[in-house]
Amino acid sequence: MNRLADATSPYLRQHADNPVDWWPWSEEAFAEARRLDRPVLISVGYASCHWCHVMARESFEDEEVARLVNDHFVAIKVDREERPDVDAIYMMATQAMTGHGGWPMTVFATPDGNPFLCGTYFPRDTFVRLLQAVAAAWRDQRQAVLRQGAALVEAIGGAQAVDGPTAPLTAEVLDAAALELTKEYDSINGGFGGAPKFPPHMNLLFLLRHYQRTGERASLEVVRHTCEAMARGGIYDQLAGGFARYAVDATWTVPHFEKMLYDNALLLRVYTQLWRLTGDRLGRRVARETVHFLRDALALPSGGFASALDADTEGVEGATYTWTPEQLVEVLGEDDGRWAADLFGVTPEGTFEHGTSVLRLGRDIDAAVDDVRERWLRVRRALAEARSRRPQPARDDKVVAAWNGLAITALCEYAWTALAVADAGPEERATARLARDLATSAGKYLARTHLVDGRLRRVSRAGVVGEAAGVLEDHGCLAEAFCALHQLTGEGRWLELAGELIETALSRFTTGSGGFYDTANDAERLVVRPADPTDNATPSGLSSIAAALTTYGALTGEPRYRRAAEAALETVVPIAARYPRMTGYAAAVGEALLSGPYEIAIVAHDLDAAEPLLATAYRYAPPGAVVVAGTADQPGVPLLRGRTVLDGHATAYVCRGFVCDRPVTSAIELADQLH
């Protein structure tokens with residue numbers, strides 16, 4: 001019997017009609033394996049994964065394959081986004097055994113969960129032979145299988161970065177990390193490494209903060225070049241905004257078409273900060289368009305954000321997004337069609353498959369004359385409208401706490417940046433209001449739905465929260481988001497919610513030596529308790545909680561939270577010194593700590609009077625600075641406690657490291673203090 005029909009996860013529900021007798025991850029599934037004395041087949045993937053769909057079509061929908069699985073195994077299907085703790089353990093095992101990893105992940109384990117054979121995608125015939133071989137080995141070579149499983153568990157347990165070496169996070173460490181990134185950067189195409197090439201959002205955030213602290217132009221150039229290359233490449237949707245998960249080549253030309261919430265949230269922060277710090281016109285446009293993408297493609301009626309858009313449309317990868325020259329002419333007419341083909345790099349040969357091309361932006365449209373920009377906008381609208389009539393990719397509509405936290409923080413940053421930057425026009429100001437509404441609505445949804453009996457749950461769908469407990473990244477990313485909402489709205493309840501999550505992290509997740517586990521001490525016991533301090537596709541749990549601790553400590557004036565953040569980052573320094581690309585978010589938090597972070601409190605009799613000071617604070621805020629505005633001693637806002645209005649004028653108080661400058665009442669004086 002297949003048991004996935006009532007799952008919260010859309011990925012699991014995609015497999016509810018398989019002839020395989022799938023179980024969701026549960027103690028009951030392992031108890032069934034022990035009862036039947038069978039090995040466990042653990043298949044891990046996610047809803048927008050192209051090769052997961054391929055393996056499903058080839059194998060899990062096949063009656064012969066299903067018969068083999070059902071006769072010899074207990075089959076468990078896992079959504080890696082719902083259970084990142086389970087995914088992390090078996091990914092470590094897969095990488096240890098094969099030297100690489102990815103999804104779909106295919107793991108054979110004992111009834112106790114110990115993995116003994118791991119892999120990723122298997123073609124159908126290979127998978128059939130593998131199932132037969134594993135079943136025979138379990139029957140005829142049981143002790144050897146058990147020994148291999150025990151040895152693999154011991155190996156991955158020993159690989160955990162708990163109680164390892166530590167070192168102080170100093171300016172020298174971050175300077176060296178930034179220098180190494182500038183050396184590793186692809187000076188031709190932007191980004192880092194070759195194919196496949198992923199948006200290096202966390203490293204770009206670090207380099208922007210490093211540039212702001214040091215004035216080092218090389219760091220800024222890496223960011224500027226990479227942001228332009230991505231935004232003009234096929235990885236960016238040239239019609240509707242939004243970034244795909246990665247490019248299959250080194251030139252950002254052809255994407256793997258799935259679009260993830262976390263990528264777009266983190267990239268929204270990058271382009272927003274690039275615009276704020278430099279006035280970059282491309283940064284301004286892409287940040288604005290990304291806010292609209294989040295609204296149009298991922299915002300849910302309930303208030304949260306969906307996880308992803310699929311790579312496939314009706315089983316064909318990228319079918320929604322690609323064009324031929326003839327299709328452009330059909331939509332736009334001869335003249336505009338040829339002009340669009342030249343602008344977007346659509347050729348008869350194609351850049352993708354079957355003579356189709358992914359749209360890229362062949363010139364700097366942000367610096368173009370008005371006539372060219374107006375033509376581009378007209379063509380873009382027509383193509384977007386025509387594309388909307390095509391079949392569309394599926395959406396994974398589960399709400400993930402950590403990723404929604406990243407989106408809320410990014411939207412808050414956009415909202416206050418668009419209020420501050422001098423070149424923000426009517427479009428940006430309207431988008432700032434939209435960003436504020438989206439962030440607040442998502443925050444209310446998370447607080448209402450994901451906090452159950454004082455504990456955080458990781459996922460929900462259609463307003464129904466799942467059973468999976470929140471992991472460390474959920475606590476860190478959501479606490480940081482609640483701190484951002486506190487700054488944006490001046491409402492004390494957001495800071496209170498952030499504090500509850502942070503106290504849970506400090507009481508339930510710490511290792512006792514400065515570091516953090518990814519699961520709570522009262523969570524389900526796995527074969528190994530995961531603790532990965534490195535940043536990957538998203539900030540690690542450790543770096544996300546360090547960010548939240550840093551911000552929360554600055555907002556509350558409590559030094560113990562800063563000390564906890566510093567201790568956590570000290571566990572990452574040995575990695576940052578050797579592999580800075582793996583610690584981008586941690587390094588960005590480190591820049592905030594080196595900077596102060598600054599605490600900027602603005603008091604006024606009414607907020608309208610505070611606007612010039614508030615805009616100046618947002619415009620010139622140093623890395624990681626916190627900014628709040630309100631009335632003197634406003635309830636629930638510790639940073640305003642004891643602050644008074646001077647001579648009836650709105651007044652700004654700037655502190656750094658719990659030491660304060662004199663209060664000022666003019667924007668010029670405030671800017672001087674922040675420079």
Side-chain angles (χ1 to χ4, degrees), residues 2-5 7-26 29 40-62 65-66 69 73-95 97-98 100-109 113 115 117-124 126-127 130-131 196 198 244-246 256-263 306-313 315 317 393-398 400 403 458-459 461 466 468 471 536-538:
N2 187 309
R3 298 162 179 82
L4 303 183
T8 305
S9 160
Y11 174 63
L12 267 59
R13 294 164 74 97
Q14 287 172 359
H15 294 266
D17 295 328
N18 291 171
V20 174
D21 292 340
W22 290 114
W23 292 73
W25 179 273
S26 60
V40 177
L41 167 64
I42 303 171
S43 175
V44 185
Y46 57 102
S48 58
C49 167
H50 170 71
W51 287 102
C52 300
H53 298 323
V54 172
M55 191 165 178
R57 287 194 299 269
E58 291 179 348
S59 295
F60 300 139
E61 296 173 10
D62 182 272
V65 173
V69 172
F73 302 88
V74 170
I76 299 177
K77 179 62 75 171
V78 177
D79 182 341
R80 67 171 293 263
E81 297 170 351
E82 184 175 46
R83 291 301 303 264
D85 50 343
V86 173
D87 175 68
I89 294 303
Y90 291 112
M91 183 58 71
M92 289 179 64
T94 300
Q95 291 171 335
M97 181 166 280
T98 68
H100 64 275
W103 300 276
M105 179 164 52
T106 306
V107 176
F108 295 92
L117 184 65
C118 308
T120 51
Y121 163 77
F122 292 101
R124 185 230 182 243
T126 304
F127 190 51
L130 182 63
L131 291 168
F198 291 80
R245 184 162 175 257
Y246 63 87
H256 185 54
F257 291 90
E258 61 189 330
K259 294 177 181 175
M260 311 302 296
L261 174 61
Y262 56 76
D263 282 321
S307 295
L309 298 181
D310 207 332
D312 296 359
T313 301
E317 186 178 11
R395 182 170 73 175
D396 180 346
D397 58 356
K398 71 176 179 295
V400 177
W403 304 355
R458 178 164 173 83
V459 299
R461 182 177 178 274
V471 295
N536 200 312
T538 57

Under 3.5 Å: donor-acceptor pair, side chain of Thr120, backbone of Pro104: no
query: Below 4.5 Å, heavy atoms only, C-beta onward: do Arg461 and Arg13 meet side chain to side chain?
result: yes
task: Please assess Phe73 against Val40 for the test side chain to side chain contact (heavy atoms under 4.5 Å, CB included), listing each intermediate value before the final yes or no.
output: CA-CA 5 Å; Phe73 302 88; Val40 177; over 6 Å; no
message: How long is the straight-line distance from CG of Leu309 back to CG of Asp397, given to the nearest 0.5 Å?
response: 11.0 Å
- request: Locate the shortest heavy-atom distance separating Leu117 from Leu130; write the atom from each residue and the value.
  value: CD2-CD1, 3.5 Å
query: Asp79 side chain to Ala47 main-chain N or O, any donor-acceptor pair under 3.5 Å?
result: no
query: Are the side chain of Ser9 and the backbone N or O of Ala7 linked by a donor-acceptor pair below 3.5 Å?
result: no
- prompt: Where does the angle between the aromatic ring planes of Phe127 and Phe122 fall among parallel (under 30°), tilted (30 to 60°) and perpendicular (over 60°)?
  reply: parallel
message: Using 0.5 Å steps for rounding, measure from the NE2 atom of His256 to the OG atom of Ser48.
response: 7.0 Å
task: Would you check if Asn18 and Lys77 make a side-chain contact, meaning some heavy-atom pair closer than 4.5 Å?
output: no
Gap separating the CE atom of Met55 from the OG atom of Ser43, nearest 0.5 angstrom: 6.0 Å
- line: All heavy atoms of His15 vs all of Trp22, minimum pair found to be O-CD1, 3.7 Å
query: Parallel under 30°, tilted from 30 to 60°, perpendicular over 60°: which one fits the rings of Tyr262 and Trp403?
result: perpendicular
message: Quick check for you: to the nearest 0.5 Å, what is the distance between Met91 atom CE and Asn536 atom CG?
response: 9.0 Å
field: N/O donor-acceptor pair under 3.5 Å between Thr98 side chain and Gly119 backbone
entry: no
task: Taking all non-hydrogen atoms of both residues into account, name the closest pair between Cys118 and Met97 and its distance.
output: N-SD, 3.3 Å
message: For a 4.5 angstrom cut-off between non-hydrogen side-chain atoms, does Val107 reach Thr94?
response: yes
Donor + acceptor pair across side chains of Glu81, Tyr11 (<3.5 Å): no
message: Please report the interatomic distance CG(Leu12) to CG(Asn2), rounded to the nearest 0.5 Å.
response: 9.0 Å
task: For the pair Tyr121 and Trp51, name the ring-plane relationship: parallel under 30°, tilted 30 to 60°, perpendicular over 60°.
output: tilted
query: Do Asp87 and Val78 pass the side chain to side chain contact (heavy atoms under 4.5 Å, CB included) test, and can you show the C-alpha distance, the side-chain angles, and the key distance before you say yes or no?
result: CA-CA 8 Å; Asp87 175 68; Val78 177; 5.7 Å; no
field: Test item: Asp396 side-chain N/O and Lys398 main-chain N/O as donor-acceptor pair under 3.5 Å
entry: yes
Validation row: Val400, Leu261 side chains within 4.5 angstrom (heavy atoms): no
message: Would you say that Val65 contacts Leu131 through its side chain, given a criterion of any heavy-atom pair below 4.5 Å between the two side chains?
response: yes
task: Please test Glu258 against Tyr46 for side chain to side chain contact (heavy atoms under 4.5 Å, CB included), starting from the C-alpha separation and ending with a verdict.
output: CA-CA 11 Å; Glu258 61 189 330; Tyr46 57 102; 3.1 Å; yes
- prompt: So, are Arg245 and Asp263 salt-bridged, with charged N and O less than 4.0 Å apart?
  reply: no
Distance-minimising heavy-atom pair for Arg458 and Pro84: NE-CD, 3.2 Å
- prompt: Taking atom CZ of Phe257 and atom CG of Asp310, what is their separation to the nearest 0.5 Å?
  reply: 12.0 Å
Minimum-distance pair of heavy atoms, taken over all atoms of Val74 and Ala29: CG1-O, 3.6 Å
